[in-house]
Amino acid sequence: MYMQSPFARCAFLLFLVSATVAQPKSFDIANFGGKPDGDITEAITNAWKEACASVTPSKITIPKGNFKLGVVDLKGPCKAPIEIQVDGTILAPPDIALMKGAYQWVKFQYLNGFTLSGTGTFDGQGPIAWKQNDCAQNKNCKMPTMNFGFNFLNNSIVLGVTSKDSKNFHVNVLGCNNFTFDGFKIIAPPESPNTDGIHIGRSTEVHIKNAKIGTGDDCVSLGDGSKNVSVENTECGPGHGISVGSLGRYDKEDPVEGFTVKNCTLTNTDNGVRIKTWPGTPGAITVTDMHFEDIVMNNVSNPTPSKIKISKVTFKNIRGTSATPEGVVLICSSGVPCEGVELSDIKLTFNGAEAKAKCANVKPLIQGAAPACAA
Ligand SMILES: *[C@@H]1O[C@H](CO)[C@@H](O)[C@H](O)[C@H]1NC(C)=O
Ligand SMILES: *[C@@H]1O[C@H](CO)[C@@H](O)[C@H](O)[C@H]1NC(C)=O
Ligand SMILES: *[C@@H]1O[C@H](CO)[C@@H](O)[C@H](O)[C@H]1NC(C)=O
Ligand SMILES: *[C@@H]1O[C@H](CO)[C@@H](O)[C@H](O)[C@H]1NC(C)=O
Ligand SMILES: *[C@@H]1O[C@H](CO)[C@@H](O)[C@H](O)[C@H]1NC(C)=O
């Protein structure tokens with residue numbers, strides 16, 4: 001038998017060790033001219049160019065301190081995974097004119113194995129834009145800029161990081177596959193208009209966990225083509241709650257399948273978990289496999305409304321206080337009644353008494369304690 005010399009074995013081990021501890025190539029924003037209290041738009045763009053061209057993994061760091069940042073589009077495909085670690089506070093221009101009509105302030109696109117991490121904050125400095133927002137009255141209003149666009153990313157993660165006071169939605173997730181938000185925070189005042197937390201569309205396997213979302217609109221919302229999305233161990237409120245929809249506004253919408261909301265607390269939200277559709281639904285969009293479990297609602301105005309053709313929806317172990325007499329509202333369409341709806345262990349109170357359930361075109365299967373369905 002061939003015997004390996006001790007030296008050869010040793011060299012082999014050494015190689016393994018050095019391979020596992022290999023550090024990603026480091027790009028500190030300071031080395032690209034990014035200074036605290038300065039504008040880092042050019043620095044981050046140049047650091048990104050080098051990181052994206054690197055054939056080994058790389059990491060761009062933005063240290064503690066305040067930094068100004070204009071609109072950026074950080075695009076792939078890149079040659080190897082990239083992490084951006086942000087520990088400082090990044091400030092958007094408060095003036096809408098300086099956003100140059102951009103749909104999103106910080107865009108990450110066409111990447112595989114991307115990580116955004118750190119204890120830092122992206123502050124959209126929204127108050128001026130909120131005052132100018134007339135979208136509630138004016139259908140042709142100009143939508144202000146969102147904080148983040150995560151578009152066409154695979155196997156990517158946002159770890160930590162805070163999004164604050166976006167001018168519009170905080171985060172839009174589009175065309176992503178296997179994308180996780182872990183420990184992500186969103187902060188905006190309850191009266192700020194259209195500051196939805198995370199909107200997901202045409203994406204699969206998007207998982208939100210350990211998040212804290214307080215905002216002026218939906219905490220999390222799902223648009224068409226969302227598949228296998230979950231929200232777990234997350235606090236939502238203030239805000240409008242967790243929504244599927246609005247759906248059915250356009251033709252040719254893709255189905256929404258597989259949505260799990262588990263161990264979440266909703267506090268002072270207008271709604272709990274709801275499925276929203278447009279009344280004159282043109283497309284026959286299907287919504288199926290929705291599961292809401294272990295949810296605590298504190299003073300939620302409309303805990304569980306829904307109004308769409310839906311199937312396989314379960315509400316399980318939902319407790320807390322409702323701000324209205326109806327704790328559960330299941331209004332399904334008469335043309336396409338809801339199927340396979342299950343309510344189990346629902347304990348919602350209104351002014352100390354048990355909240356009621358209001359139902360139409362649905363015969364939910366009731367297990368354990370749950371309010372009886374009345375029209
Ligand atoms: C992401 O995955 C999709 C589907 O596998 C693939 O078509 C696309 O090229 C991938 N994008 C990147 C940037 O790797
Ligand atoms: C999903 O992405 C993560 C990185 O965020 C990666 O570790 C994991 O292997 C990916 N899962 C699959 C099924 O590819
Ligand atoms: C969604 O998850 C289910 C169950 O884990 C799996 O069978 C299905 O393939 C997934 N669908 C997509 C589009 O990833
Ligand atoms: C439920 O979520 C909270 C955070 O909101 C977390 O602290 C707790 O550990 C979670 N419980 C379980 C059983 O995962
Ligand atoms: C409960 O919600 C109502 C209506 O949204 C609000 O006016 C009230 O202040 C909330 N109560 C508490 C204790 O937060």
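First listed ligand is number 1; within each ligand, the first listed atom is number 1.
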Of the protein's non-hydrogen atoms, which lies at the shortest distance from atom 5 (O) of ligand 2, and what is that distance? Asn155 O, 3.6 Å
Asn233 side, atom CG; Asn210 side, atom CG - distance, nearest 0.5 Å: 5.0 Å
Quick check on atom 13 (C) of ligand 2 - does any protein heavy atom sit closer than 4.0 Å to it? no
Taking C-beta and beyond as the side chain, do Glu293 and Thr260 meet within less than 4.5 Å on heavy atoms? no
Going by a strict under-4.0 Å cutoff (protein heavy atoms only), does atom 9 (O) of ligand 2 have a neighbour on the protein? no
Is there a donor-acceptor pair closer than 3.5 Å between any side-chain N or O of Ser203 and the backbone N or O of Gly201? yes
Strictly under 2.5 Å separating the two SG atoms? Check that for Cys264 and Cys236, please. no
Record the part of Leu111 in heavy-atom contact with ligand 1 below 4.0 Å; permitted values are side chain, backbone, both and neither. backbone
Which ligand 1 atoms does Asn112 reach within 4.0 Å, using its non-hydrogen atoms? 14 (O)
Checking the N or O distance criterion of under 3.5 Å, is ligand 1 in contact with Asn154? yes
Which ligand 2 atoms are under 4.0 Å away from a heavy-atom of Asn178? 1 (C), 2 (O), 3 (C), 8 (C), 10 (C), 11 (N), 12 (C), 14 (O)
Is any heavy atom of the protein nearer than 4.0 Å to atom 2 (O) of ligand 4? yes
Out of curiosity, Met99 CE to Thr145 OG1, how far, rounded to the nearest 0.5 Å? 4.5 Å
To which protein heavy atom is atom 4 (C) of ligand 4 closest, and what is the distance rounded to 0.1 Å? Asn233 O, 3.8 Å
When the ring planes of Phe150 and Phe108 are compared, do they come out parallel, tilted or perpendicular, using 30° and 60° as the limits? parallel
Among protein heavy atoms, which sits nearest to atom 11 (N) of ligand 4, and what does the distance come to when rounded to 0.1 Å? Asn263 ND2, 2.9 Å
Heavy-atom check, side chain of Phe152 versus side chain of Leu111, under 4.5 Å: no
